[in-house]
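Data block below; observations after.
Counting begins at 1 with the first residue of the sequence. Indexing begins at 1, ligand by ligand and atom by atom, following the structure's order.
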Amino acid sequence: MGRAVIILLGAPGVGKGTQAKRLAASTGLPHVSTGDLFRENLSKGTPLGLEAKGYMESGKLVPDDLVLRMLFDRVAQADCARGYLLDGFPRTEPQAQALDRALEGVAEPLVVELALADEEIIERAAGRLVCKDCGNIQHLRFAAPAVEGVCDACGGELQQRKDDRPEVVSERLSVYRAQTAPLVAYYGRRAGLERIDASRSADSIFEELQTLVGAHLARVGEAV
Ligand code: AMP
């Protein structure tokens with residue numbers, strides 16, 4: 001049986017986390033988000049979290065060596081043996097190359113780009129709310145909570161991520177354009193890059209993703 005590695009590429013706030021959570025639930029593959037891993041390290045006050053803090057809060061990328069160490073530790077865990085869903089990784093060409101080396105002869109990843117115009121990206125990130133307790137992602141406009149400030153999923157408190165403040169969002173967007181967007185061309189040079197118009201509803205994006213991922217899982221010999 002092959003290993004199913006799915007990479008969700010796209011700008012901040014485009015819906016990678018929302019879709020990855022849903023895909024994780026429907027496929028049983030673990031959702032591996034480097035942003036979530038850094039936030040966990042930060043809230044536990046680990047040395048890695050403290051090293052990453054300044055970069056994260058200013059909207060910059062954490063240096064590749066820190067990211068790679070953390071990511072490869074995570075995907076070496078038993079729950080990733082069948083494969084995993086990557087959200088927020090890779091974000092630079094050296095990260096993509098390191099992943100390629102690690103997957104050589106092991107898996108050919110499916111790469112899906114969630115594509116959205118810049119103006120919309122700012123609006124998405126600026127309205128995003130994340131539950132402090134369960135990590136559920138909502139949005140002031142696109143997935144408004146039934147009760148203001150309260151998570152629909154668990155009743156916990158919804159918060160805005162520190163790096164979703166407008167001044168940090170525009171920095172994250174320019175970092176994305178400069179360092180991560182070139183990965184679309186990097187992966188576009190070979191088979192396996194798919195593109196989804198992310199301006200549509202979360203449900204229709206999910207439907208299209210499920211079709212792509214289902215076909216990929218069938219190819220690598222996994223049950224959907
Ligand atoms: P995210 O939740 O994916 O938006 O990530 C939040 C922040 O964590 C980013 O703005 C970066 O500072 C850092 N980060 C997450 N993933 C990576 C990565 N693959 N490379 C470098 N920095 C990352």
Practice task
Take atom CZ of Arg177 as the centre, draw a 6.0 Å sphere, and report whether it contains more than 12 heavy atoms from other residues, nucleotides or ligands.
Solution key: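 Enclosed: over 12 neighbouring heavy atoms sit under 6.0 Å from CZ of Arg177.
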Any donor-acceptor N/O pair, [X] side chain to [Y] backbone, under 3.5 Å:
| X | Y | answer |
| --- | --- | --- |
| Asp152 | Ala146 | yes |
| Gln179 | Val175 | no |
| Lys16 | Glu113 | no |

Handout entry: Residues Asp197 and Ser199: side-chain donor-acceptor under 3.5 angstrom
Key =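 Side chains of Asp197 and Ser199: pair found under 3.5 Å.
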Exercise for the section: Sorted by first residue and then second, give each ring pair (Phe, Tyr, Trp, His ring centres under 6.0 Å) pair with at least one member in residues 85-111; sequence neighbours left out. Expected result: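 The answer is none; no pair qualifies.
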Handout entry: Contact residues of ligand 1, where a non-hydrogen atom lies under 4.0 Å away
Key =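 For ligand 1, the contacting residues are Thr34, Gly35, Phe38, Arg39, Met56, Lys60, Leu61, Val62, Val67, Gly88, Phe89, Arg91, Gln95, Arg161, Asp163, Arg172.
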